[in-house]
Protein chains: 2
Amino acid sequence: MSRASRRPRLVDVAEHAAVSLATASRALAGRAGVSAEVADRIRQIARELGYVANPYARTLAGGATSTVGLIVHQVDDPYFAEIAAGVIQLAAEQGLLVQICQSGRDPDYELHQLRHLIAQRVGIVLISGSGYDDPRMESAARAELAAFQDHGGRAAAIGRHALGVDAVLPDNEAGGHALAQHLMDLGHRRIAVAAGSAGLTTVADRLAGVSAAVRQRGRSPVDLAVVHSAFTRDGGRAAAERILNEHPETTAIIALNDVMAMGVLSTLRSRRVPVPARMSVVGFDDVSVAADLAPSLTTIRLPMTEMGRTALTLALKPRTTRPRRRPTGHLLVVRDSTGPAPTS
Amino acid sequence: MSRASRRPRLVDVAEHAAVSLATASRALAGRAGVSAEVADRIRQIARELGYVANPYARTLAGGATSTVGLIVHQVDDPYFAEIAAGVIQLAAEQGLLVQICQSGRDPDYELHQLRHLIAQRVGIVLISGSGYDDPRMESAARAELAAFQDHGGRAAAIGRHALGVDAVLPDNEAGGHALAQHLMDLGHRRIAVAAGSAGLTTVADRLAGVSAAVRQRGRSPVDLAVVHSAFTRDGGRAAAERILNEHPETTAIIALNDVMAMGVLSTLRSRRVPVPARMSVVGFDDVSVAADLAPSLTTIRLPMTEMGRTALTLALKPRTTRPRRRPTGHLLVVRDSTGPAPTS
DNA sequence: CTAGGGTACGTAAGCGCTTACGTAAGCGCT
DNA sequence: AGCGCTTACGTAAGCGCTTACGTACCCTAG
């Protein structure tokens, strides 16, 4: 290996400016104790030299850690991809770097990743994905995050509320309610839900909204069948199979997220069930491809990219005594996958 | 803030094991100079204490940097999301963390991100996205990577070959050739290409394959119209508009990637052009949603996730004098978006 | 004119690790 | 027995920063 000149260090800047290390450090950090003109000169020289602080030295010496750890289930799931895009965007604007981990939807592995991230001394942890109904499932992660914050770390959650940290939370219940309402308005009376794994709060909340809407419909009762499966495309396929087999009279399927809806549509296509003529389908999230599916998907729009940005914003603000909660808006987007209930 | 006990440090491990810092360090790094039994004892104690080396201290002291920087255009573009998923997967298996950056398809910003990553002292840089025809566009990045490697950094590229580093490269030309061949076999003689920005090697290569296939068809000549636009869904929409307006006799559109194809399909849908009855459409990449589009997309399959893994694998191997090139397989996947040319 | 206090800067002590070098013990060889 | 070599370990010098503390200096008030 050749050895081109090494990167400039802080001493180089200090020497050029004829000041001490401490002064140079203070000037570049923008801290008090340096006269304005000296600080300007130092910054100028640093720029000319192309000086960039070594983050390892900086962090080791007790400075701020400038990296944010982001945990998602799967980056190539469009829901998480959009969240990640938002986080990365804002991080770049702030000069932060983001370390990304996939939990693969496995709570144990997720905990492992969380520990790993903290062990790697990231300054901020952002965790997305659904929480678990059973509080014991969350308690380990919760404890880990609490200890992390006690050591000065900052954390925020996206779409989960039981972690004891700031969170940005969509109103899953209202969204579920709106979907069911939309279908009932179209005359559907036999509705099936392709739900994600039982035990997930996201599933429970969205489902609760659906049930509530159905229950409010006192007269002309509605049949509601719930089939649990994985929150993935294949999960959606499996759920649709079961719905077609076990609840053949169903006229509308509520998939609890868009990725499942894609699986549902796929199964309906291969089973030659016309959508929406014979079966209406709705999703949840409005991932960007939802509009391009066959047929385009009626769904609840969540501002994923913005959610990612908001979560980082929360984590960047000084911590409050009680965890903050930022609600996100949501919107029913009606497209071509829903239509009037077939008159059998 | 409470101060729960600090994380264990190497001295703690050393003390418990009654050895020196140096010995503990060697044992945990698996380096020579420690007897097997002592090394085992040290590792055992480290495990019990839950010791995890501080990566900042380790790196500062000259140890290996264990973080890989990944540059993509946009994480929520499915092509890049799948690459990222592969990189993150393998990195996790290897105990590495990945820092991810978005270049937003802007060569200047990409260079900025590259510099930032290197300034942050990542150990490995992986760069994806298309290269540029004009070698001067790549030269700055190339120089940056060369200097980086001279300082012991490792780098690999995904889908770009002019960077002077190891690369995993799909055969874009053969893919383009296969697509054109497929359409000509179906009887299409007026083909339009919805190409990404001119100046991108990926575009040029795929286009070259298309042209070659058309040229080889000596008898029964084929009209080929090329429309350049952005490598995005909106770019696909715009290209399709122009094709419909300026080349109304077109019977098949080759979108040079799937994301553009999504835009093309979207435009055809709103313009009520039946696919494939009136117009065949093909894409390139086979992103996971390609099968769920309306209609499902005929395309060239590239193993994106595997490409991500391969790139990291290359970077992890000791460097060779000449940059290595790993070809990737590709496969024509025929679905419902292509059909026989309409007999006008 | 001097005590007290603020400001601007320098000195030096780490942060937690890796590693070059030093040393003592054990080995085989002449 | 004495030599040199290897092996196993310890000592200590950094890596490039931040920051507590120390020291000039200047300004104001008494």
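Computed from a predicted model, the values in this text were never measured in an experiment. The chains referred to below are lettered A, B, ... by the order of the sequence lines, with proteins before strands, and numbering in each begins at 1.
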| request: Give the minimum heavy-atom separation between A:Tyr132 and A:Met137, together with the two atoms involved. | output: CB-CB, 3.5 Å
| request: Would you mind listing every salt bridge (charged side-chain N to carboxylate O under 4.0 Å, His left out) that reaches into residues 122-140 of chain B, with sequence neighbours excluded? | output: B:Asp134-B:Arg136, B:Glu138-B:Arg160
Pair up each side-chain donor or acceptor in residues 122-130 of chain B with any protein partner under 3.5 Å, not counting sequence neighbours, and list the distances.
{"from": "B:Ser128", "atom 1": "OG", "to": "B:Ile71", "atom 2": "O", "distance (Å)": "2.8"}
{"from": "B:Ser130", "atom 1": "OG", "to": "B:Thr201", "atom 2": "N", "distance (Å)": "3.4"}
{"from": "B:Ser130", "atom 1": "OG", "to": "B:Thr202", "atom 2": "N", "distance (Å)": "3.1"}
{"from": "B:Ser130", "atom 1": "OG", "to": "B:Thr202", "atom 2": "OG1", "distance (Å)": "2.9"}

| field | Sequence neighbours excluded, every pair satisfying salt bridge (charged side-chain N to carboxylate O under 4.0 Å, His left out) that has a member inside residues 39-51 of chain A | value | A:Asp40-A:Arg43
| Which comes earlier along DNA chain D counting from the 5' end, the contact point of A:Ala57 or that of A:Gly62, where each point is its nearest nucleotide? | A:Ala57
| task | Mind jotting down which residue pairs meet the salt bridge (charged side-chain N to carboxylate O under 4.0 Å, His left out) criterion with at least one end in residues 10-29 of chain A? Sequence neighbours excluded, please. | result | A:Arg9-A:Asp12
| said: Quick test of your reading: applying salt bridge (charged side-chain N to carboxylate O under 4.0 Å, His left out), list the pairs with at least one residue in residues 77-105 of chain A, sequence neighbours left out, ordered by first then second residue. | reply: A:Asp77-A:Arg105, A:Glu93-A:Arg309
| Range on DNA chain C touched by chain A, heavy atoms, distance below 4.0 Å | C:dA8 to C:dG16
| Any donor-acceptor pair under 3.5 Å from B:Thr59 side chain to B:Pro55 backbone | yes
| task | Go through the steps to decide whether B:Asn54 and A:Gln120 satisfy the test side chain to side chain contact (heavy atoms under 4.5 Å, CB included), and finish with yes or no. | result | CA-CA 7 Å; B:Asn54 181 323; A:Gln120 296 288 315; over 6 Å; no
| So does A:Glu144 have more than 12 non-hydrogen atoms from other groups sitting under 6.0 Å from CD? | yes
| field | Within residues 28-43 of chain B: residues closer than 4.0 Å to DNA chain D (heavy atoms) | value | B:Gly33, B:Val34, B:Ser35, B:Val38
| note | Dot-bracket assigned to DNA chain C with the 3.5 Å Watson-Crick/G-U criterion, [ ] for crossing and | for other-strand pairs, is ||||||||||||||||||||||||||||||
What nitrogen or oxygen pairs link the protein and nucleotides 23-25 of chain D at under 3.5 Å?
none

| request: Provide the closest heavy-atom pair for B:Leu10 versus B:Ser25 in the form atom of the first, atom of the second, distance. | output: CD2-CB, 3.8 Å
| task | Go through the structure and list residues passing side chain to side chain donor-acceptor pair (under 3.5 Å) with B:Arg142, not counting sequence neighbours. | result | none
| Pairs flagged by ring-ring contact (aromatic ring centres under 6.0 Å, His included) wherever residues 6-61 of chain A is involved - sequence neighbours left out | A:Tyr56-B:Tyr56
| message | Using heavy-atom distances to pick each residue's nearest nucleotide on DNA chain D, tell me which of B:Ser20 and B:Ala61 is more 5'. | response | B:Ser20
| salt bridge (charged side-chain N to carboxylate O under 4.0 Å, His left out) involving B:Arg326 - partner list, sequence neighbours excluded | none
